[in-house]
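Below is one structure, written out as structure tokens; comments come after it.
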Amino acid sequence: MAQFDYTTTGHPDSNVARLNVEMALRYLKVFGLDAESQILSFFCEFEMSWTDPRLSWNPEHFNDTKFIFVTADLIWTPDNQIGNTKSLDTLHPDSMKTITLSSNGTVHLPMVYFIEVACVVEISRFPFDNQTCPIPVATMALDLNGQYSSMTGRIQNVNVFNSLGNGEWDVIGVAMVPYQFLTETVHTLLLPTIFLKRVPNYYVYVIALPGFILTMLGIFGMFWTPHIRKEQLTKLSIGLTTLVSMTVLLDMLSTAIPKTSVFPLLGIYVVLCLAITINGTPLCVNFGKTFTVLLDFAVFCDFKQGDSWASVPGNCTNLLNPFYIDDVRKPFEECKKSLRNGKLLMNCQSHLKKSFTIYWVNDYDLDASAAVHRSAFSFRLAELIDDKIGYHLEPFDAPMNPPLTPSLSLNWTNVSQPTWIALSTGKGLNYLQKLQTISDNPNCSYELITGAPPAKNDYEKRKLMKFNDSQPFIVQFLENNLYSLFVPSNCAVTIEIDKDERSEGNWYNEKQTICDGEAIVTTPAYSNELSCFPDAYYLQRVVQCADPIDVSVEVVALLSGKMSIEFGYTKTNKTKITLSTSSNLFCKHSGIGVKSVTVCS
């Protein structure tokens, strides 16, 4: 057996091969990771093993003794050091550490530590973050005749890591990574690395969920009730209370994260909730200043030959606004006069710049039915209106003395800008008898749609047909109670509409002779939010011609109803379109619509 001069203070001499020190992690318990100070505290137990030939013996010479127990202060131990530590506490001094020494020179030294070590915290995904904390263990052995100690690591009991965390952190893995670096000598660095996953329940239930609830309650509290001036102070107090509560949550968050340039995910969420409340508070208080509602009102008045044009004649004397707005009846801001078939048409407008409640009052010298049928009104949002396109409201001229046939006759000569004309035809069947250009512009084309004039939005589904003087004009049946006609600039046009004298229950059977042209078929409720189907509605349209014809039918919508189309070859070639409903459609504005029937001879 080789003879050695053994010393507890020096590395084995040159006759001894390079020592390999193995670090085995036997136990780990994480106490906490302070994200603000970025310090990881944990308890761990290592077993350091190496083989020192100077301590070997032949068991046969010593009564077959294969291992002995001695204290650590009696033998040489590697100078392994744990780096980046704030504090390092060993539970036992070397004189109390019991090591196991085998006959082949293998030494097993258990080491128990409580460690506080620096760990850089990545908070961008806080509180759903994972952290990686490396713990450098280095050997500072010097160069002794070319002999160096090396270090390797392993992990024991890897299946128990799920129980090694605490209530806030779960240990999802531990790795032992050896690493060498060169200076004047070779140093071995071992990196036991702890992988942690935060349990986010506390931050979700204490910060995220209350933040969401406070924001929603604040928004609902500020916007749920009608916006009137006397409630603005109450709504402002709701918004300010929500802001104070959100700042408390933000303060709680600031104490849980480090002061770095990276802003956490939860912080973005809280600031977003805070921003919603901040923006919602002045919006709620000043909501009435954001939108401007245009109230347009048109009414026919009796115009007698002896009346002065400068004054409003007949029953429209000192024309009052028929609407009470927030319990106040104010005059219109602007009124214009025009003649229609010997009668005076008044078109008036007011601007409503705040939230309001409104109701209709009829106190003209007319009976209620006549007043309603001789007038029309509309509400428009100024912010949604294209200023480059004009608007004109045209009511149907119901007669003052039935049974005269009601009609609408309009010569539109305002050609300074393109204009939408809202044609309020009322209930029942109407006939578009004439639509003809009266200007010298042969390129004028007019577009007819159902419903009110569009704002800055798409109205493709409401388009019906276009008219121009180069095509033969076909009388159109108008079953809806509101249509809109687009008149381009530099185009003057004559419009004539007559009402069918039959009662509403008899205008379901319609015949029309067309040998070349296009006809539209729409029900009263098609694309009209204010119209309802009558009970058991039924409409039959027959398009016929004495000569052979080609017919094409373009269907736009068929909702909540039935449709049938028949082609016949009798004495008169005809196409019959039947639209029907079996019951009331609950005022749904979809309705039934056939966009056009095109007939070619």
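Note that the structure is a prediction, hence the values are computed from the model and not measured.
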Could you pull out the closest heavy-atom pair between [X] and [Y], with the gap in Å?
{"X": "S484", "Y": "A452", "value": "OG-C, 3.2 Å"}
{"X": "D516", "Y": "P472", "value": "O-CG, 4.0 Å"}
{"X": "D251", "Y": "S254", "value": "O-OG, 2.7 Å"}
{"X": "L432", "Y": "I495", "value": "CD1-CG2, 4.1 Å"}

If we ignore hydrogens and angles and just use 3.5 Å, is the side chain of [X] paired with the main-chain N or O of [Y] as donor and acceptor?
{"X": "D296", "Y": "N347", "answer": "no"}
{"X": "T419", "Y": "Q417", "answer": "yes"}
{"X": "E333", "Y": "H351", "answer": "yes"}
{"X": "Q476", "Y": "I474", "answer": "yes"}

What donor-acceptor contacts under 3.5 angstrom involve side-chain atoms of residues 264-274, with partners at least two apart or in another chain?
unit_1 : atom_1 : unit_2 : atom_2 : d
Y269   : OH     : A208   : O      : 2.9
Y269   : OH     : F212   : N      : 3.3

When you compare the side chain of [Y] with that of [X], does any pair of heavy atoms fall below 4.5 Å?
{"X": "V293", "Y": "L381", "result": "yes"}
{"X": "V204", "Y": "F128", "result": "yes"}
{"X": "Q512", "Y": "V542", "result": "no"}
{"X": "I449", "Y": "F486", "result": "no"}
{"X": "L249", "Y": "L214", "result": "yes"}
{"X": "I421", "Y": "V487", "result": "yes"}

- prompt: N480 and T450: side-chain donor and acceptor closer than 3.5 Å?
  reply: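 Their side chains do not contain a donor-acceptor pair, so the 3.5 Å distance test is not met.
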
- prompt: Hey, are T413 and N411 close enough side-chain-wise for a donor-acceptor pair under 3.5 Å?
  reply: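 Note: N411 and T413 side chains miss the donor-acceptor criterion.
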
Straight-line distance of [X] [atom1] to [Y] [atom2], nearest 0.5 Å:
{"X": "M252", "Y": "Y203", "atom1": "CE", "atom2": "OH", "result": "9.5 Å"}
{"X": "S445", "Y": "D469", "atom1": "OG", "atom2": "CG", "result": "9.5 Å"}
{"X": "T242", "Y": "I276", "atom1": "OG1", "atom2": "CD1", "result": "12.0 Å"}
{"X": "L410", "Y": "I497", "atom1": "CG", "atom2": "CD1", "result": "9.0 Å"}
{"X": "K463", "Y": "L448", "atom1": "NZ", "atom2": "CG", "result": "12.5 Å"}
{"X": "M246", "Y": "I207", "atom1": "CE", "atom2": "CD1", "result": "10.0 Å"}

message: Under the criterion side chain to side chain contact (heavy atoms under 4.5 Å, CB included), I'd like the reasoning laid out for L243 against T247: C-alpha separation, chi angles, the key distance, then a yes or no.
response: CA-CA 6 Å; L243 287 177; T247 55; 5.5 Å; no

- request: Take K336 and M346, measure what side chain to side chain contact (heavy atoms under 4.5 Å, CB included) needs, and give me the verdict at the end.
  value: CA-CA 6 Å; K336 296 181 180 179; M346 299 292 297; over 6 Å; no

query: Angle class for the F467/F473 ring planes (parallel below 30°, perpendicular above 60°, tilted otherwise)?
result: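 Correct class here is tilted.
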
message: Is the ring pair F332/F297 parallel, tilted or perpendicular, if the boundaries are 30 and 60 degrees?
response: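 Geometry flag for F297 against F332: parallel rings.
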
query: Between L478 and I520, does a side chain to side chain contact (heavy atoms under 4.5 Å, CB included) hold up when you go through it step by step?
result: CA-CA 8 Å; L478 306 179; I520 58 175; 4.1 Å; yes

message: Run T437 and Y446 through side chain to side chain contact (heavy atoms under 4.5 Å, CB included) and show every step you take.
response: CA-CA 9 Å; T437 301; Y446 312 97; 2.7 Å; yes

Aromatic contact, Y431 with F477 (centres under 6.0 Å):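 Distance test on ring centres: under 6.0 Å, yes.
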
